[in-house]
Amino acid sequence: MQEVILIIVFVAAIGFMARKFYRDYKSESGCASSGCNACSPTEKKDIKLPGHLKS
């Protein structure tokens, strides 16, 4: 019984990853998730480094 559950979980994980790679490959916009704006930030973020990290 444990082997069957393990196989089901393994096959589900393989299916999830295959679906993700397929969506990444077939995506027209270059991003698998549509509408998240993660790939194209609209504003520039100003990052200030502490003095000891500046070179």
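Predicted model only: the values in this text are computed from it and were never measured.
Partner Ile8 forms a side-chain contact (heavy atoms from CB on, under 4.5 Å) with one of Leu6, Val11, Val4 and no other, that one being Val4.
Tracing side-chain contacts under 4.5 Å through hydrophobic residues (I, L, V, M, F, W, Y), one reaches Phe16 starting from Phe21; they form part of the same cluster.
One finds the CD1 atom of Ile5 at 4.5 Å from the CE atom of Met1 (value rounded to the nearest 0.5 Å).
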